[in-house]
Protein chains: 2
Amino acid sequence: MSEKSYTVGRLADDTGIKAVTIRYYEKIGLLPKASRSESGYRLYSEADCSRLLFIRRSRGLGFSLDDIRELLSLADRQQDSCAGVDAKVEQQLEQVRSRLKDLRAMEHELERLTACCEGGVIMDCRIVETLSGAT
Amino acid sequence: MSEKSYTVGRLADDTGIKAVTIRYYEKIGLLPKASRSESGYRLYSEADCSRLLFIRRSRGLGFSLDDIRELLSLADRQQDSCAGVDAKVEQQLEQVRSRLKDLRAMEHELERLTACCEGGVIMDCRIVETLSGAT
DNA sequence: CATTGACCTTATAGTAACTATAACCCTTAG
DNA sequence: CTAAGGGTTATAGTTACTATAAGGTCAATG
């Protein structure tokens, strides 16, 4: 067994998550307390690295840190049904879709606005007019 | 001239922006300091109401409060070119599109995940596997 | 006239997920 | 030996609010 261990900076480079963020994750209990070198440096194992990558991937899907905390604890129970994980993914998908809907509406409205200005002064600007309340 | 004036709660009801939020906007200088009644209640005019609606509409397009601060100050100069406003709208559109892109990617990935789980236990779950690092 | 309930006031702290800063300690290459 | 580039801690700032506490005002009701 080669027990490689990483410092926080090394782990940061390997995972693309900044050292400060890694410490933050530890502080809020998303990562377990790291073991320490004699001089007090945090030391991380492969397992820590995996956990961190799990977090990064989940963040990439838009999960909140609280969601991820739950996901991790669900994922840790190898023998349990994965229904909980499933449900969380479904739920996240719904949330993403809802945000998509909002953003698409914004996009359309902004497009409409960019199209309606003919480049005069504020007084005659259709954009300002619209924002100010004209329908 | 009928100088109607609103209390903060009335303004809140009329605009759909909560009283606390209106006070907050005043505090950060997004709204001018409201005049006060004898007893110290804030009093608002039609102009304040318009300004607040402007803010609400801009928020609805995803502008940050800082952006809105700028928009308002641009919109206040009736004689100036509306190029600044134009630019801000364009820029906001870009931002929205960029967020859309990210969210669409999340949506696709989440869809893929929901599709790949066959409902067993964590140990065999393709979702957990994926989040844990399998490609 | 007193009281009740719905308003208003202020100040302060909490939220999410970091980022920035300060002030200090450790390690290693020249 | 010293300087650069790690690491450590604690604290405050960010965005746009929301929540809480502790109190003052106003209109209506008993």
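These numbers come from a predicted model, not from an experiment. Quick note on labels: first sequence line is chain A, next is B, and so on, each numbered from 1. Values below: every heavy atom of this structure, side chains too, minus hydrogens, waters and symmetry copies.
The pair A:Arg23-A:Glu26 does not meet the salt-bridge criterion, since no charged nitrogen lies less than 4.0 angstrom from a carboxylate oxygen. Salt-bridge formation is detected for the pair A:Arg97/B:Glu111: a Lys NZ or Arg NE/NH1/NH2 atom is positioned less than 4.0 Å from an Asp or Glu carboxylate oxygen. Note on A:Glu70 versus A:Lys88: salt bridge recorded, some NZ/NE/NH1/NH2 to OD/OE distance being below 4.0 Å. Using a cut-off of 4.0 Å between Lys/Arg side-chain N and Asp/Glu carboxylate O, A:Asp48 and A:Arg51 are scored as not salt-bridged.
In this entry the distance linking CD1 of B:Ile17 with C1' of D:dC17 reads 12 Å, nearest Å. Atom NZ in B:Lys33 sits about 13 Å away from atom P in C:dT9, given to the nearest Å. Rounded to an integer number of Å, the gap from OH of B:Tyr24 to C1' of D:dT20 is 18 Å. In this structure, the CZ atom of A:Arg23 is 13 Å from the C1' atom of C:dC18, given to the nearest Å. Between the CD1 atom of B:Ile22 and the C1' atom of D:dA16 there is a distance of 15 Å, given to the nearest Å. The nearest whole Å value for the distance from the CD1 atom in B:Ile55 to the C1' atom in D:dT15 is 15 Å. Atom C1' of nucleotide D:dT15 and atom CG of B:Asp67 are separated by 12 Å, given to the nearest angstrom. Per the geometry, CG belonging to B:Asp66 stands 14 Å off C1' belonging to D:dG13, to the nearest Å.
Taking side-chain N and O atoms only, A:Ser37 has no distance below 4.0 Å to OP1 or OP2 of D:dG7. Contact annotation: B:Arg36 reaches the phosphate of C:dT10 (side-chain N/O to OP1 or OP2, under 4.0 Å). Residue B:Arg10 has no polar side-chain atom (N or O) positioned under 4.0 Å from OP1 or OP2 of C:dC8. In this model, the phosphate group of C:dC26 is not approached by any side-chain N or O of A:Arg42 to a distance below 4.0 Å at OP1 or OP2. Close to D:dT15, at under 4.0 Å from its OP1 or OP2, lies no side-chain N or O of B:Ser64.
Heavy atoms of B:Thr7 sit under 4.0 angstrom from primed sugar atoms or phosphate atoms, though from no base atom.
Comparing B:Ser39 and B:Phe63 by the nucleotide of DNA chain D that holds the closest heavy atom to each, the one mapping nearer the 5' end is B:Phe63. Between B:Val20 and A:Gly40, the residue whose closest nucleotide on DNA chain D is further toward the 5' end is A:Gly40. Positionally, the nearest nucleotide of DNA chain C for B:Leu43 lies more toward the 5' end than for the other of B:Leu43 and A:Tyr25.
For CZ of B:Arg99, the number of neighbouring non-hydrogen atoms (other residues, nucleotides, ligands) closer than 6.0 Å is greater than 12.
Closest approach to the A:Tyr41 side chain among D:dA16, C:dA17, D:dT8 is made by D:dT8 (side chain taken as heavy atoms from C-beta onward). The A:Leu65 side chain lies nearest to C:dC18 when the options are C:dT9, C:dA16, C:dC18. For B:Lys18, taking side-chain heavy atoms from C-beta onward, the closest of the listed nucleotides D:dT8, D:dT18, D:dC26 is D:dT18.
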